[in-house]
2 protein chains.
Amino acid sequence: MTARPKVRPGKRTNDPEGLRKRVLDVAEASFQARGYHASSLGDLMAAAGVTGGALHHHFPTKKALALAVIEERVAAAVETTWIAPVQAAGSTREGVRSVFEAVAAELEQQGFVRGCPLNNLAHELSLADPDFRTALAGIFSAWRQAIADKVRADQQAGREQDTDPQRFAALAVATYSGAMSMAKTTQDSAVLRDCLNALEQGVSSARAKRRRRVLRQYKAF
Amino acid sequence: MTARPKVRPGKRTNDPEGLRKRVLDVAEASFQARGYHASSLGDLMAAAGVTGGALHHHFPTKKALALAVIEERVAAAVETTWIAPVQAAGSTREGVRSVFEAVAAELEQQGFVRGCPLNNLAHELSLADPDFRTALAGIFSAWRQAIADKVRADQQAGREQDTDPQRFAALAVATYSGAMSMAKTTQDSAVLRDCLNALEQGVSSARAKRRRRVLRQYKAF
DNA sequence: TTATAAACAGACCGGTTGTCCTGTTTTGTT
DNA sequence: AACAAAACAGGACAACCGGTCTGTTTATAA
């Protein structure tokens, strides 16, 4: 009954990569759901099944852990859900539309809106620490760059001639970010579709109307 | 040198409204700059020059204080910087443009981007507590409603016939929210102007281009 | 005046937080 | 086998947090 050793010696197996991954998994989820300051290392350790010593060995401070989450997980999330689909799409507009719809569909089926990982941390940490801010700004930059590059690719194919690549990229990212912010607050993904529709209608109405006009003129002849 | 009484009796003057206002001022600023969880009541008490007893008398819990900040200050900020200017503008587009430019100009002159008060708290607190979420969602709703109403007013004046009021309102709020998020992260207000230009170009390009075309045709003759 | 409640002061407390430290076990190298 | 370094265990700790409590002062009303 006294001083029972919890772990009998000879049973431990070192797995630094696996342990690190487990900690990052838990931290990413907790930062996303509760935020950085509301996530205690104690909670993370319990959730990951990791002792204080192990955690400290891989991530000396809480800041180091958050920086790793940002650079390895948040950046990857933006890459997966936005950059890759846009690059793979037939056009910028198609790519943007597909992302909005994919995210909206995903939120609707899971019935819960956690918000955008990047924006969540950006709001909480941008002013808290310069290192956080720099890391987050880099992800925003890559995100915008990918969209702007896609617009330029469209332009070389003869499309989107009167679209400013950088401005459109900023608009797309801002619209998505803001829409996710509202979706998170209202816990309703409908605003995502509203924004997508308004974005598409407004942005492509010039072409659509000109085409319609041309058709009418042809008919008139 | 021993036990100097800090406050000699007979000098105190009760000023509940003033004290409450001071606390809200400090809390609003701190929540905006550092966030809710990163703002300790001790810091707020020191900054406001208020004792624990006084703070507790006006705001029993930290949550109650935050709720008061949201309902009284954040809502008022949205009203002042967005709703009133839009309602006073000659048209929805003019109102939106004027707000974007006013905010961008203000940020540029103060050389520092604190972000949108509503979005800052929305990201941190929406999932933390249902009461927070409800209060914040209400402000978003009023914000969108004001813009949608303005579009409807435009429509009754014969303008904006092919604009969906609710969708445009969602787009305007989302664009601003997302642009401010990026501006905060990059500490650069330029993205605000990018987004405004992209929004205006896309949304009004139909009309603008048609007009330019007409002018060129007149010149040709 | 006197009673009564509001407004405020200031200490106090249990719990939590992030970090550090010492020791033990495992792994890799020679 | 011998050794060093990495990987991990687990406790300790000082600082801090939010909330509570008791007591005193001020304002209000009878």
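What's counted below: heavy atoms across the whole structure, side chains too, no hydrogens, waters or symmetry copies. Residue numbering restarts at 1 for every chain, and letters A, B, ... go by the order of the sequence lines.
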Rounded to whole Å, how long is the line connecting atom CG of A/Asp15 with atom P of D/dA9?
11 Å
Nearest whole angstrom, please: distance from the P of C/dC20 to the CG of A/Leu41.
12 Å
Side chains of B/Asn119 and A/Ser181: donor-acceptor distance under 3.5 Å anywhere?
yes
What's the CE-P distance between A/Met45 and C/dC20, to the nearest Å?
14 Å
Between B/Lys63 and B/Thr13, just flag the one whose closest nucleotide in DNA chain D comes earlier from the 5' side.
B/Lys63
Nearest to the side chain of B/Lys62, which nucleotide is it out of C/dC8, D/dG19, D/dA27?
D/dG19
How is B/Thr51 classified with respect to the nucleic acid when contacts are heavy atoms under 4.0 Å: base, sugar-phosphate, or nothing?
base
Whole-Å distance, B/His37 NE2 to C/dG18 C1', equals 16 Å
When you check the phosphate oxygens OP1 and OP2 of C/dA7, does a side-chain N or O of B/His57 lie under 4.0 Å from one of them?
yes
Separation of B/Arg22 atom CZ from C/dC8 atom C1', in whole Å?
11 Å
Return yes if some donor-acceptor pair links the side-chain N/O of B/Ser189 with the main-chain N/O of B/Glu108 below 3.5 Å, else return no.
no
Rounded to whole Å, the CG-C1' distance (A/Leu19 to D/dA6) equals 13 Å
Examine C/dT16: is either OP1 or OP2 under 4.0 Å from a nitrogen or oxygen in the side chain of A/Ser40? Give yes or no.
no
Please tell me which of the listed nucleotides, C/dG18, D/dG18, C/dT26, lies nearest to the side chain of A/Asn14?
C/dT26
With respect to the side chain of B/Ala54, which nucleotide from C/dT19, C/dC8, D/dG19 is positioned closest?
C/dC8
Is the B/Tyr36 ring parallel, tilted or perpendicular to the B/Phe132 ring (thresholds 30°, 60°)?
perpendicular
Of A/Asp43 and B/Gly53, the one whose closest nucleotide on DNA chain C sits nearer the 5' end is B/Gly53
Donor/acceptor link under 3.5 angstrom from B/Arg12 side chain onto base of D/dT25:
yes
Could you tell me if A/Thr134 and A/Asp131 have a donor-acceptor pair between their side chains, going purely by distance under 3.5 Å?
no
Rounding to an integer number of Å, can you tell me how far A/His56 NE2 sits from D/dG10 P?
17 Å
Do A/His37 and B/His37 have their ring centres less than 6.0 Å from each other?
no
Checking contacts here: which listed nucleotide (C/dT27, C/dC8, D/dA7) is nearest the side-chain heavy atoms of B/Pro16?
C/dC8
Could you tell me whether the phosphate oxygens of D/dC8, OP1 or OP2, come under 4.0 Å of any side-chain nitrogen or oxygen in A/His58?
yes
